[in-house]
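First up is the structure itself, then whatever we jot down about it.
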Amino acid sequence: MKSGLDTNLRGVSVVHAPNGKGISEVVWASGSNGVILKSIDEGKTWQGLQVAGGEALDFRGIVAFNANVAFVMSSGDGEKSRIYKTMDGGKTWNLQYTDKSKEFFLDTIACLTETHCFALGDPMDGRFLVLSTTDGEFWGPLLTPSMPAALPTEGAFAASNSCLFVSGKEIFFGTGGPAARVFHSPDSGHTWTVVETPIAHGNASSGIFSIARTKQNEIVVVGGNYQDPKQASAAAAYSLDGGKSWQLFEQQPGGYRSSVACHRGAQCVAVGPNGEDVSSGKLTAAFWKPTDALNLNAVAIMDVKHGWSVGPKGTIARFIDYTGVHRGTQRHLQHPASPLPDK
C-alpha cells in the first residue's frame with residue numbers, strides 16, 4: 001500500500017498492545033520529510049504525527065513499546081542527527097540528544113527496554129560512536145577504549161535501522177566500506193572484538209546493512225552493494241558461533257538486501273529494492289526463496305504470521321504469513337490520518 005506521502009520510509013516498529021478490545025498490533029513507521037506514522041488497529045487506520053521543528057528531518061529509525069511510548073532517530077550531519085522520545089502517543093516529542101560536531105552522524109537506534117537503549121553513529125576520533133541511556137531520558141557516549149579502531153572510510157549504514165542488534169548485555173553492529181565487519185561486545189560495551197565477514201565490500205556503497213539473530217549463537221547479516229541492487233553474490237552470511245566466524249549462505253537472496261528480521265527457528269525475511277526473500281531450515285542448509293518484487297527498505301517481524309515492512313514513496317507492506325509466502329496489503333491507501341480500506 002502507498003501512504004500518499006512524499007517520504008522514503010526507513011524505520012518500522014511493531015508491538016502487541018491492549019486496545020480496549022483485546023490485544024492488537026501497534027505499528028509505527030518513520031522516514032524522510034519529518035514523517036512519522038502510527039496505526040493502533042493493525043493497519044486499518046493511520047495517524048500522521050509531527051515533531052515540532054522536525055519537518056525537514058530524515059527519521060531513519062523508530063523503536064516503539066506500545067501505543068504511547070516510542071523513540072525516533074533522525075540521521076544527518078551534525079544537528080540533523082537527533083533522538084526524540086514521546087510518552088503520549090506522539091502528541092509531543094522531547095529532544096533527548098544531538099551534537100553540533102560536523103562528524104556526528106547517527107545510523108541506528110535499538111532498545112532493550114523503555115529506559116535502556118543504544119544508538120550507533122559513524123566514527124568520531126577514530127572509533128565508532130555508541131550512545132546509551134539507562135533511564136530513558138539522558139543519553140551519553142559509552143567509553144569504548146577497548147573498541148578496535150575504525151578503518152579509514154569505514155562506516156555504518158542508516159538504511160533500515162537494523163545494523164545494530166542488542167540483547168541482554170550483548171551488542172552487535174555491522175559496518176561497510178573497505179571491509180564488512182561485525183563489532184561485538186558481550187558486556188554492555190565495556191570490551192569489544194571485531195571480525196571480518198565475506199559480505200561484499202570495497203567501496204562506500206557496500207557492506208553489512210542489517211544484522212539479526214535467530215538463536216543464541218546463530219546470527220545473520222545481509223547487505224551487498226546498494227548501487228548494484230541486482231548483484232546477488234555475497235549479500236547474506238551467517239555465524240553459528242556467536243559472531244566469531246562467518247560464511248556465506250550457499251544460496252543467496254536475489255540481490256542487495258537492506259534489512260533482515262528473524263524469528264526463532266532460523267526463519268528470516270530479507271527485503272531490498274528489487275524484492276523480498278524468506279529463508280527456511282537450519283542456517284547451514286537454509287535457502288532464500290523470493291516472494292515479491294516490492295521496493296522495501298526495512299522489515300520488522302513479530303512472529304511467523306505477523307510482520308510489517310516499509311519503503312520508498314510511503315510504501316507499507318504487511319506480512320501475514322511469511323512461512324507460507326503470503327503477503328497481505330491494504331490497497332488504495334489515502335492520507336495516513338484517513339481510514340484505510342481493509343482488503
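Values in this document were obtained by computation on a predicted structure and should not be read as measured data.
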**Request:** Count the heavy atoms belonging to other residues, nucleotides or ligands that lie under 6.0 Å from CD of Glu196, then report whether that count exceeds 12.
**Result:** no
**Prompt:** Given Asn225, which of Ser206, Ser205, Ser233 fulfils the side-chain hydrogen bond (donor to acceptor under 3.5 Å, both in side chains) condition?
**Reply:** Ser205
**Prompt:** Taking atom types as modelled and ignoring hydrogens, do the side chains of Gln247 and Tyr238 form a donor-acceptor contact shorter than 3.5 angstrom?
**Reply:** yes
**Side chain Ser309, main chain Ala298, donor-acceptor under 3.5 Å** = yes
**Request:** Begin with the C-alpha distance, continue with both residues' side-chain angles, and end with the deciding distance and a verdict on side chain to side chain donor-acceptor pair (under 3.5 Å) for Asp135 and Thr133.
**Result:** CA-CA 6 Å; Asp135 62 5; Thr133 178; 3.0 Å; yes
**Prompt:** Are Phe172 and Trp246 in one and the same hydrophobic cluster, where Ile, Leu, Val, Met, Phe, Trp and Tyr link if side-chain heavy atoms are under 4.5 Å apart?
**Reply:** yes
**Message:** Looking only at the side chains, is there a donor atom on one of Asp58 and Ser74 sitting less than 3.5 Å from an acceptor on the other?
**Reply:** no
**Asked** Can you name the one residue among Gln252, Gln251, Arg257 that meets side-chain hydrogen bond (donor to acceptor under 3.5 Å, both in side chains) with Asp277?
**Response** Arg257
**Under the salt bridge (Lys or Arg N to Asp or Glu O under 4.0 Å) test, residues paired with Glu114 that sit two or more places apart** = none
**Fill in**
In terms of heavy-atom contacts, Phe249 and Ala286 come closest through CE2-CB, 3.9 Å
**Request:** Verify the neighbour count for atom CG of Asp88: are there more than 12 heavy atoms of other residues, nucleotides or ligands below 6.0 Å?
**Result:** yes
**Asked** What are the two closest heavy atoms between Leu248 and Ala236, and how far apart are they?
**Response** CD2-O, 3.5 Å
**Prompt:** Do you know which two heavy atoms are closest between Phe157 and Cys163, and how far apart they sit?
**Reply:** O-SG, 3.5 Å
**Item:** Salt-bridge criterion met for Arg318 and Glu42 (N-O under 4.0 Å)
**Value:** yes
**Parallel, tilted or perpendicular, as decided by the 30° and 60° cut-offs, for the rings of Phe183 and Trp192** = perpendicular
**Prompt:** In terms of heavy-atom contacts, does CD of Glu250 have more than 12 from other residues, nucleotides or ligands at under 6.0 Å?
**Reply:** no
**Asked** Which heavy atom in Ser210 sits nearest to a heavy atom in Val260, and how many Å separate them?
**Response** OG-N, 2.9 Å
**Fill in**
Nearest heavy-atom approach of Ile109 to Asn161 is N-OD1, 2.8 Å
**Request:** Indicate yes or no for a side-chain donor-acceptor contact from Ser101 to the backbone of Phe104 under 3.5 Å, with no hydrogens or angles considered.
**Result:** no
**Asked** Any donor-acceptor pair under 3.5 Å linking the side chain of Arg60 with the backbone of Ser75?
**Response** no
**Message:** Does any part of the side chain of Asp241, heavy atoms only, come nearer than 4.5 Å to the side chain of Asn217, both counted from C-beta?
**Reply:** no
**Request:** Give a yes or no answer on whether the side chain of Lys85 reaches the backbone of Gly136 with a donor-acceptor pair at less than 3.5 Å.
**Result:** yes
**Message:** Minimum heavy-atom separation for Val14 and Met302, please, with both atom names.
**Reply:** CG2-SD, 3.2 Å
**Request:** State whether the side chain of His190 and the backbone N or O of Ser188 hold a donor-acceptor pair below 3.5 Å, judged by distance alone.
**Result:** no
**Asked** Which one of Leu37, Thr86, Val12 satisfies the side chain to side chain contact (heavy atoms under 4.5 Å, CB included) criterion with Trp28?
**Response** Thr86
